[in-house]
Each structure stands twice: as structure tokens, then as C-alpha cells.
Amino acid sequence: MRRPAPLLVPALAAALLLSACGAEHAGDRGSGPGAASQPSSVQMTEPAVDGVRIVALSIPAHSAGSASPSSSPSPSDPNDFRVTPDRLDHPTASRGYAVYEVTNDGSTALTYTIAFAFTSSTGEVMETRRETVSAVAPGKTVRSKVELGGLTSGSSPVTRVKVAGVTKVPTAEAPGTAGDCPAAGLRLWVDEGDAAMGLRVVGLHVQYCGKGDYTVEGYPLLELLDDDREPVDGVKILDGSKEITSSIGVDETPRPVTLKPGETAVARLVWRNTTGFGTPVNVPYVRVRAKAGAAPVTVTPHLDLGTTGKLGVTPWQRLG
């Protein structure tokens, strides 16, 4: 069966719309027998979100609720980047995708994690996708593509995409991904955690991927960082969780945990999101050392510490 022609929609910045007041519809200039099979476009000028801007959205015409997209001329501006249907070679391409650019205006190489929200015309989020763009050099811009997954039958058509969140860490401190072993031989990451009645518990995982054995003991060493990755003051980091809660059990006694390649240990970050007098503290980044002398890794647990001024940390324990 012939795949329906996609509707191509370029835009700049955080939100990308299929229609916009005052925007120029390139397809309105053309007509004729071939017009119905060509993409339609809307050009917009909105700022990037923390260095990330969306430059094109392509979705099948039936998903956009459009029966007959019209023709679009080739862009004359080299910054007006568009991806045409004949460049799609992924089996999920017919579900749609967004093209985006990441620009590093800093002085060190950064690794970006970006959340994209695909929404309906009413703003309902139909799907959220996360993408990691590694090692963007200072002063450089890279382009990539995020694909829309399969929506359930009867879902509202996707007509927009926006950048829902951006985190960026120095590439030298970025967590390792599956299949990628950092030079230090350690992968560190945080899980989604649990939240109930203001109590937060997030797992901090370390997996050894080097050669031989690796031993951690006691508590991970943490440095709390703000949005600019500068130290956060006024928060006491506690050994153990007993000053925060007793509901997750008695704190384990710190002891050596020796990991073989592929094995994992976990510690837990525990706090209460209680707000009283004062300014609530939010910590988007945490710089972690698995033990004294270990290379630092920056993770993004987004700690909403309220006004408690306390963060409990449990000792490393073998996982599994």
C-alpha cells in the first residue's frame, strides 16, 4: 500500500504549529495537478529553548487532519532546514518526526538530554520522547531527528511539537549509556524514583564496566548543583535516611561492595518535599563520585527539596 504523503511543517524554537497567525504558507503560492502530493510549510520565528530549537515537523497528512497538502518551494535560506519525505528510510517514518538543532554557546563540550512533547491542537500531550545528543563542541550546532512513536487508535491528531525540557552536562562528566563504557569504567545514573505524601526516594546506580574488580564502600560523594551547574548552598547531606523517614526500612551498615564487570550497586537519595518558611530549593543536577578519588559524573535527578534543607543518602548496596 502506498504510504500517504507527509505534511512537512518547519518552525523555530519551543513550539511548532501547523497553523500560525501571520505566518507565511509557502504552499499557498503553488497550485496545479502536482500540488496535492507535495508538502506544505509554515515558517515561524521563535527563540530557542536552552540552545535547542525545532526546525521542522513532518507528520502524515491523515495524522494532521489534512486531506490535501499543497506544494512548497525549496528554501532559499540555508538556515531554513527541511527534511522531505524521500529522505525518510526508517520503518516508523510514516508516524512522523521532528528535526531539531542543538547549539552549544558555552566554552566546553556538552551532552544534552532533551524532552520533546508531541501535542494535539488543544495542547494535550499525546507523547513525550527523550533524546540524548552527545559531545556538542563549543560554538557548534548539530542537527538530529526525534521520531513520533505509535499512537493508540482513536488518539487526537498530533499537530505540534515543543521542547518540554533540556538538561546539559559537561561531556567529560556525562553518564555512560548502555553499550558505552566511560574511560573510568563506571556508568552512573538515577532512576525515576518514588514519590508519596511528600516523601521522595530516588535510586542512584553505579555499574562497573571495566576490567577486573571495583570496590565501593560507604556513601557516594555528592555535590548539589543549580541550573548553571554551580554549587547549591544551605542543604545538609546526611549519611543515612533515618532523619528523613523510617518508612524505607533501617539503614544498612556501610560495608565494602566489590563489583565484577556488569554488576551494579545502588544507593538511595531520600528527602521530603515540604515547604514552610523560606525559599524552596530545587536541585536539577548532582555531581557524583562513587568513592573518594573517582572521576565525577553529573546526573539529573531534579531534587525538589522544598525548605527542609536536608537530603539523606543511604550507603552503597549490591543490586540483585
Can you see which heavy atom on [X] is nearest to which on [Y], and at what distance?
X: Ala48; Y: Arg53; result: CB-CB, 3.9 Å
X: Gly276; Y: Thr307; result: N-OG1, 2.7 Å
X: Gly185; Y: Cys181; result: CA-SG, 3.7 Å
X: Thr275; Y: Gly306; result: OG1-CA, 4.1 Å
X: Ala184; Y: Ala295; result: CB-CB, 4.0 Å
X: Ala115; Y: Thr128; result: CB-CG2, 4.5 Å

Quick one: [atom1] on [X] to [atom2] on [Y], what's the gap to the nearest 0.5 Å?
X: Asp227; Y: Asn282; atom1: CG; atom2: CG; value: 8.5 Å
X: Thr159; Y: Ile59; atom1: OG1; atom2: CD1; value: 6.5 Å
X: Leu238; Y: Leu269; atom1: CG; atom2: CG; value: 12.0 Å
X: Arg160; Y: Thr122; atom1: CZ; atom2: OG1; value: 8.0 Å
X: Thr298; Y: Tyr285; atom1: OG1; atom2: OH; value: 9.0 Å
X: Arg268; Y: Ser241; atom1: CZ; atom2: OG; value: 9.5 Å

Taking only residues two or more places apart in sequence, or in another chain, which ones meet Lys260 in a salt bridge (Lys or Arg N to Asp or Glu O under 4.0 Å)?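 Once residues adjacent in sequence are excluded, the partners of Lys260 under the salt bridge (Lys or Arg N to Asp or Glu O under 4.0 Å) criterion are Asp213.
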Which residues pass the salt bridge (Lys or Arg N to Asp or Glu O under 4.0 Å) test with Arg229, not counting sequence neighbours?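 So Arg229 forms no salt bridge (Lys or Arg N to Asp or Glu O under 4.0 Å) with any residue.
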Should Tyr219 and Ile237 be marked as a side chain to side chain contact (heavy atoms under 4.5 Å, CB included) after you check the CA-CA gap, both sets of side-chain angles, and the distance that decides it? CA-CA 11 Å; Tyr219 303 89; Ile237 299 176; over 6 Å; no
Residues forming a side-chain hydrogen bond (donor to acceptor under 3.5 Å, both in side chains) with His205, sequence neighbours excluded: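 Partners of His205 by the side-chain hydrogen bond (donor to acceptor under 3.5 Å, both in side chains) criterion, ordered by chain and then number, come out as Asp191.
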Taking [Y]'s backbone N and O only, do any of them form a donor-acceptor pair with [X]'s side chain (distance below 3.5 Å, no angle check)?
X: Lys291; Y: Thr215; value: yes
X: Thr111; Y: Ala135; value: yes
X: Arg272; Y: Ile244; value: yes
X: Thr119; Y: Val161; value: no

Within residues 308-320 or reaching into it, pairs that qualify as side-chain hydrogen bond (donor to acceptor under 3.5 Å, both in side chains) - sequence neighbours excluded: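 Residue pairs passing side-chain hydrogen bond (donor to acceptor under 3.5 Å, both in side chains), neighbours aside: Glu263-Arg318.
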Is [X] linked to [Y] within one hydrophobic cluster, defined over Ile, Leu, Val, Met, Phe, Trp and Tyr using a side-chain heavy-atom separation of less than 4.5 Å?
X: Val169; Y: Val52; value: no
X: Trp189; Y: Val286; value: no
X: Leu199; Y: Val313; value: no
X: Leu259; Y: Leu221; value: no
X: Val49; Y: Tyr100; value: yes

Side chain to side chain contact (heavy atoms under 4.5 Å, CB included) between Thr264 and Val206, worked out: CA-CA 6 Å; Thr264 302; Val206 58; 5.7 Å; no
Residues that [X] engages under side-chain contact (heavy atoms from CB on, under 4.5 Å), provided they are two or more places apart:
X: Pro261; result: Tyr208
X: Asp226; result: Asp228, Glu230, Val232
X: Asn104; result: Leu110, Tyr112, Val136, Pro138
X: Asn273; result: Arg200, Asp304

Before you tell me yes or no, could you show the steps for Glu127 and Arg129 under salt bridge (Lys or Arg N to Asp or Glu O under 4.0 Å), namely the whole-Å CA-CA distance, both residues' side-chain angles and the distance that decides it to 0.1 Å? CA-CA 7 Å; Glu127 184 177 40; Arg129 307 284 283 186; 3.4 Å; yes
Between [Y] and [X], is there a side-chain heavy-atom distance shorter than 4.5 Å?
X: Val270; Y: Thr245; value: yes
X: Val163; Y: Phe116; value: yes
X: Val299; Y: Pro175; value: yes
X: Arg187; Y: Pro182; value: yes
X: Leu305; Y: Val283; value: yes

Might you work through the side chain to side chain contact (heavy atoms under 4.5 Å, CB included) test for Leu186 and Tyr214, ending with a clear yes or no? CA-CA 9 Å; Leu186 297 175; Tyr214 188 88; 3.5 Å; yes
Please, which pairs that meet salt bridge (charged side-chain N to carboxylate O under 4.0 Å, His left out) have at least one residue in residues 163-176, sequence neighbours excluded?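 Found Asp50-Lys168, Glu173-Arg287.
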Kindly state each residue pair satisfying salt bridge (charged side-chain N to carboxylate O under 4.0 Å, His left out) with at least one member in residues 110-124, sequence neighbours excluded.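 Qualifying pairs, neighbours excluded: none.
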Tell me which one of Leu224, Leu222, Leu303 satisfies side chain to side chain contact (heavy atoms under 4.5 Å, CB included) with Val235.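 In the set Leu224, Leu222, Leu303, the residue that makes a side chain to side chain contact (heavy atoms under 4.5 Å, CB included) with Val235 is Leu224.
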Cluster companions of Val125 among Ile, Leu, Val, Met, Phe, Trp, Tyr (side-chain spacing under 4.5 Å):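 Its cluster mates, by chain and number: none.
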Got a sec, which pairs hit disulfide bond (SG atoms under 2.5 Å apart) with one end in residues 290-320, sequence neighbours left out?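 Listed by first then second residue: nothing to list.
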Evaluate Ser156 against Ser120 for side chain to side chain donor-acceptor pair (under 3.5 Å), listing each step before the verdict. CA-CA 6 Å; Ser156 299; Ser120 68; 5.0 Å; no
I would like to know whether Val288 and Leu204 meet side chain to side chain contact (heavy atoms under 4.5 Å, CB included); could you show each step before the answer? CA-CA 9 Å; Val288 181; Leu204 173 63; 3.8 Å; yes
